[in-house]
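First the structure, in the form of structure tokens, and then the observations on it.
Predicted model, so just to flag it, every value in this text is computed and none were measured. These values consider heavy atoms only, across backbone and side chains, with no hydrogens, waters or symmetry-generated copies.
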Amino acid sequence: MDSKVARLPLFGGPRAWHSSDWTSTDDRVRGGSSHSHMSCSPASLVARFHGNLVITTLGGAGFASQRTTGEDRSWDLSGYDGLELHIARGDDKLYTITLKDKTAPKRPDGRLESTLSWEYDFHAHGEKRVFIKWADFKPTYRGKEQVDARPLDLTGVKQISFMMRSFFGIQEGDFSLDIVSVAAVRYKYYRDDPEEEEEYVMVDEKLETVAETPKSRGWLSWIGECCGLS
């Protein structure tokens, strides 16, 4: 199936990773003991989401997450079909990526109010690309799926976050996820031909640049090319 794929890089890839783009929201705000970090820098080709999930403090529950910073930040993703995560390596644990279209207000005690979220769970093991259609994001409120929730406002996505949680005591301890990039993607199909390799055009709408890129490659070879080793 021959196709063109437009990519809008959000983090990583042609956009540098910055630690200032991320901040922790861990269960310590509820009296827990878990902690998380997003280790990255402008020179990084890979960001590392890692930490320790402690579930004994809250009786089997617990979570550790990193969310994007900036109350005035917003992405218009309405022209795209979903998100693509390029994972460099993982620890075979179950992670969650979450989207919000409203910034949570703060309570008088400094804690954030609960708001509607859209979540997708994925296993991370080895290098892979995970494509998530918008319909695959499940609306939740305080961790519970909402059957009759309104749709996600793709014209104004305000927050993106990565989470490690216990899933009712199933997971705990150290965790680590290496992320090459996060991008919004749009597919344009021209004809049905399963023998044809997929091609895509990477579009950076903010910088107004277009670059031809091969369908897929290992992240090590991509790093080598960036460093002039290939």
- Message: Side-chain heavy atoms nearer than 4.5 Å, only ILVMFWY residues, links allowed to pass through others: does that put L94 and M163 together?
- Response: no
- Item | Non-hydrogen side-chain atoms of L85 and I132 separated by less than 4.5 Å | yes
- Are L99 and Y141 joined in one hydrophobic group, where the rule is that I, L, V, M, F, W and Y side chains link up if heavy atoms are under 4.5 Å apart? yes
- Message: Going by side-chain contact (heavy atoms from CB on, under 4.5 Å), name the residues that satisfy it together with T57, two or more places apart in sequence or in a different chain.
- Response: S33, V54
- Query: Has H125 got more than 12 heavy atoms of other residues, nucleotides or ligands less than 6.0 Å from its NE2?
  - Reply: no
- Task: To the nearest 0.5 angstrom, please state how far the OH atom of Y120 sits from the NZ atom of K138.
- Result: 9.5 Å
- Query: Measuring from H86:NE2 to R129:CZ, what's the distance to the nearest 0.5 Å?
  - Reply: 4.5 Å
- Distance in Å, S44 OG paired with H18 NE2, rounded so as to fall on 0.5 Å steps: 9.5 Å
- Query: Would you find a donor on one side and an acceptor on the other, under 3.5 Å apart, between the side chain of Q66 and the backbone of S36?
  - Reply: yes
- Query: Judged by atom type as modelled, is there a donor-acceptor pair below 3.5 Å linking the side chain of D101 to the main-chain atoms of L152?
  - Reply: no
- Message: To the closest 0.5 Å, what do you measure between CZ (F168) and CD1 (I55)?
- Response: 12.0 Å
- Between F11 and W75, what is the ring plane arrangement, given parallel below 30°, perpendicular above 60°, and tilted in between? perpendicular
- Task: Could you list the residues that satisfy salt bridge (charged side-chain N to carboxylate O under 4.0 Å, His left out) with D81, not counting sequence neighbours?
- Result: none
- Given R67 and F162, is the side-chain contact (heavy atoms from CB on, under 4.5 Å) satisfied, shown in steps? CA-CA 7 Å; R67 61 176 175 83; F162 289 94; over 6 Å; no
- Query: Does T68 use its side chain to pair, donor to acceptor, with the backbone of I160 at less than 3.5 Å?
  - Reply: yes
- Message: Restricting to non-hydrogen atoms, name the atom on G62 and the atom on L53 that form the minimum distance, rounded to 0.1 Å.
- Response: C-CD1, 3.5 Å
- Query: For E127 and R89, what are the C-alpha separation, side-chain angles and deciding distance, and is it a salt bridge (charged side-chain N to carboxylate O under 4.0 Å, His left out)?
  - Reply: CA-CA 5 Å; E127 183 197 1; R89 65 171 62 88; over 6 Å; no
- Task: Find the distance between CZ (R186) and OG (S78) and round it off to the nearest 0.5 Å.
- Result: 10.0 Å
- Task: For side-chain hydrogen bond (donor to acceptor under 3.5 Å, both in side chains), just list the numbers for H50 and S39, CA-CA rounded to whole Å, side-chain angles, deciding distance to a tenth of an Å, and then say yes or no.
- Result: CA-CA 8 Å; H50 61 105; S39 297; 2.7 Å; yes
- Would V5 and F131 show up in the same hydrophobic cluster when neighbours are defined by side-chain heavy atoms closer than 4.5 Å? yes
- Scan side-chain atoms only and decide if T69 and D21 contain a donor-acceptor pair under the 3.5 Å cut-off. no
- Item | salt bridge (charged side-chain N to carboxylate O under 4.0 Å, His left out) partners of D26, counting only residues at least two apart | R28
- For F137, which residues count as a ring-ring contact (aromatic ring centres under 6.0 Å, His included) partner, sequence neighbours excluded? none
- Does L154 reach the side chain of W134, with side-chain heavy atoms less than 4.5 Å apart? yes
- Can you see which heavy atom on A64 is nearest to which on S34, and at what distance? CB-CB, 4.1 Å
- Query: Would you say R48's side chain and L177's backbone share a donor-acceptor pair under 3.5 angstrom?
  - Reply: no
- Can you hop from L58 to V29 via hydrophobic side chains spaced under 4.5 Å? no
- Message: Just to verify, what does K93 make a side-chain contact (heavy atoms from CB on, under 4.5 Å) with, not counting sequence neighbours?
- Response: D91, Y95, M164, Q171, F175
- Identify the two heavy atoms, one from S166 and one from G60, that lie closest to each other, and give their separation to 0.1 Å. OG-O, 3.0 Å
- Message: Please give me the minimum heavy-atom distance between L116 and Q146, naming the atom from each residue.
- Response: CD1-CG, 3.9 Å
- Output all residues satisfying salt bridge (charged side-chain N to carboxylate O under 4.0 Å, His left out) with E119, sequence neighbours left out; order by chain, then residue number. R165
- Answer yes or no: is there a side-chain heavy-atom contact under 4.5 Å between V185 and L83? no
- Decide whether T115 and K102 meet the rule of one side-chain donor and one side-chain acceptor closer than 3.5 Å. no
- Query: Under 3.5 Å, is there a donor-acceptor pair between the side chain of D76 and the main chain of G156?
  - Reply: no
- To the nearest 0.5 Å, how far apart are CD1 in I87 and CZ in F122? 5.0 Å
- Indicate, with yes or no, if the rings of Y80 and Y187 have centres closer together than 6.0 Å. no
- Shortest non-hydrogen contact between L8 and L77, atoms and distance: CD2-CD2, 4.1 Å
- Considering all heavy atoms, the nearest P139-W118 contact: CB-NE1, 3.6 Å
